Amino acid sequence: RAFGVDENGPVGDAVARALGSPRTVDGIRYERGWVASVATAGFSGDVNERANRLRWPKGPRRYTVATLLELPRLRSRRVRLEVDDAIHTHDAALIAVANTEWFGGGMRICPAARADDAVLDVTVVERIGRLALLRYFPKVFDGSHLTHPKTTTYRGRRVRVEGDDIEAWGDGEPLGAGSVTFRAEPGAIRLAV
């Protein structure tokens, strides 16, 4: 989605892309590996874990269903966020560290993120109630959630997330528990797009 590739498009288009010149984009490096698009922690990680266990529905709607199923378990986590040399503390429901704007089946969690600017975009959703989250949630699909008072954004080349109850996810896969440092790595990935 971030690069305009339709995964359900014609096979011929996919072959032409694969045989064409690659596009070089940034990657997100962390202590144990790489993330291409978005790393996340908090409620979004809980939703991701639930979505991975669902057999129905298939496709992007799975994340919407998982969000609704996880809503009763919504909680915040006290985190220390270091963005380059600035330190911020949050009672966060969700943290996203992004190289691209999209995650979770079509949500624009970091609408300003660009995969070739050597910078990571960070979105933090502060402690929020369940009903407020239900009103907030549709805004994530068009990026208008950034104007909500519970949303804070940052940009930086290095982002460290520290907290007692941090379980990080990247590109839909578990990255592990505990504090984690993400770094923008310019030109680290070559994509056939």
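Computed from a predicted structure; not experimentally measured.
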- Item | CG/Leu131: more than 12 non-hydrogen atoms of other groups inside 6.0 Å | no
- Minimal non-hydrogen separation, Ser76 against Asp91, with atom names: OG-OD1, 2.8 Å
- If you look at every heavy atom in Arg50 and Leu69, which pair is closest and at what distance? NH1-CB, 3.1 Å
- If only atom types and distance count, is the side chain of His145 paired as donor or acceptor with the main-chain N or O of Ile109 below 3.5 Å? yes
- If you group Ile, Leu, Val, Met, Phe, Trp and Tyr by side-chain heavy-atom gaps below 4.5 Å, do Leu71 and Leu54 land in one group? no
- Would you kindly confirm whether Val79 and Phe43 end up in one hydrophobic cluster when ILVMFWY residues are joined by side chain heavy atoms under 4.5 Å apart? no
- Note on the structure: The side-chain contact (heavy atoms from CB on, under 4.5 Å) partners of Phe137 (sequence neighbours excluded) come to Thr64, Thr67, Met107, Phe141
- Task: Quick one: pull up CG in Leu133 and CD in Glu70 and give me the separation to the nearest 0.5 Å.
- Result: 11.5 Å
- Task: Starting at CG of Asn48, measure out to CZ of Arg62 and round the result to the nearest 0.5 Å.
- Result: 10.5 Å
- Query: Is it the case that one hydrophobic cluster holds both Val119 and Val25, taking links as side-chain heavy atoms less than 4.5 Å apart, direct or via other members?
  - Reply: no
- Message: Please enumerate all residues that pass ring-ring contact (aromatic ring centres under 6.0 Å, His included) together with Tyr154, with sequence neighbours excluded.
- Response: His88, His90
- Can Leu134 be reached from Ile128 by stepping across I, L, V, M, F, W or Y side chains whose heavy atoms are under 4.5 Å apart? yes
Per-pair distances, 0.1 Å, donor-acceptor, side chain in residues 164-172, under 3.5 Å, sequence neighbours excluded:
unit_1: Asp165; atom_1: OD2; unit_2: Arg75; atom_2: NH1; d: 2.6
unit_1: Asp165; atom_1: OD2; unit_2: Arg75; atom_2: NH2; d: 2.4
unit_1: Asp171; atom_1: OD1; unit_2: Ser37; atom_2: N; d: 2.8
unit_1: Asp171; atom_1: OD1; unit_2: Val38; atom_2: N; d: 3.2
unit_1: Asp171; atom_1: OD2; unit_2: Ala36; atom_2: N; d: 2.6

- Task: Name all pairs fulfilling the ring-ring contact (aromatic ring centres under 6.0 Å, His included) condition that reach into residues 48-74, sequence neighbours left out, sorted by first residue then second.
- Result: none
- Item | Which residues share a side chain to side chain donor-acceptor pair (under 3.5 Å) with Asp85, sequence neighbours left out | none
- Any residue meeting side-chain contact (heavy atoms from CB on, under 4.5 Å) with Ile87, in chain and number order, not counting sequence neighbours: Arg80, Glu82
- Message: Could you see if Leu120 belongs to whatever hydrophobic cluster contains Val35? Use Ile, Leu, Val, Met, Phe, Trp, Tyr and a side-chain cutoff under 4.5 Å.
- Response: yes
- Task: With sequence neighbours excluded, tell me which residues meet salt bridge (charged side-chain N to carboxylate O under 4.0 Å, His left out) with Arg23.
- Result: Asp116
- Between the OG1 atom in Thr100 and the CZ atom in Arg108, the distance rounded to the nearest 0.5 Å is 11.0 Å
- side chain to side chain donor-acceptor pair (under 3.5 Å) filter on Thr40, not counting sequence neighbours, yields Ser44
- Task: Test Thr153 against Asp121 for side chain to side chain contact (heavy atoms under 4.5 Å, CB included), laying out the working first.
- Result: CA-CA 7 Å; Thr153 61; Asp121 285 62; over 6 Å; no
Under 3.5 Å donor-acceptor pairs involving side-chain atoms of residues 173-193, not counting sequence neighbours:
unit_1: Thr181; atom_1: OG1; unit_2: Arg160; atom_2: NH1; d: 2.7

- Message: Test of understanding: with side chain to side chain donor-acceptor pair (under 3.5 Å), list the residues that count as partners of Asp117, not counting sequence neighbours.
- Response: Arg155
- Message: Per the salt bridge (Lys or Arg N to Asp or Glu O under 4.0 Å) rule, what does the pair list look like for residues 128-144, sequence neighbours excluded?
- Response: none
- Residue set satisfying side chain to side chain donor-acceptor pair (under 3.5 Å) with Asp26, at least two apart, ordered chain then number -> none
- Item | Atom of Cys110, atom of Val122 and distance for their closest heavy-atom approach | SG-C, 4.3 Å
- Note on the structure: CG of Leu94 to OG1 of Thr151, rounded to nearest 0.5 Å, is 9.0 Å
- Heavy-atom neighbours of Arg61 CZ exceed 12 at 6.0 Å: no
- Item | Greater than 12 external heavy atoms within 6.0 Å of Arg73's CZ | no
- Message: Any side-chain to backbone donor/acceptor pair from Asp46 onto Leu74? Under 3.5 Å, distance only.
- Response: no
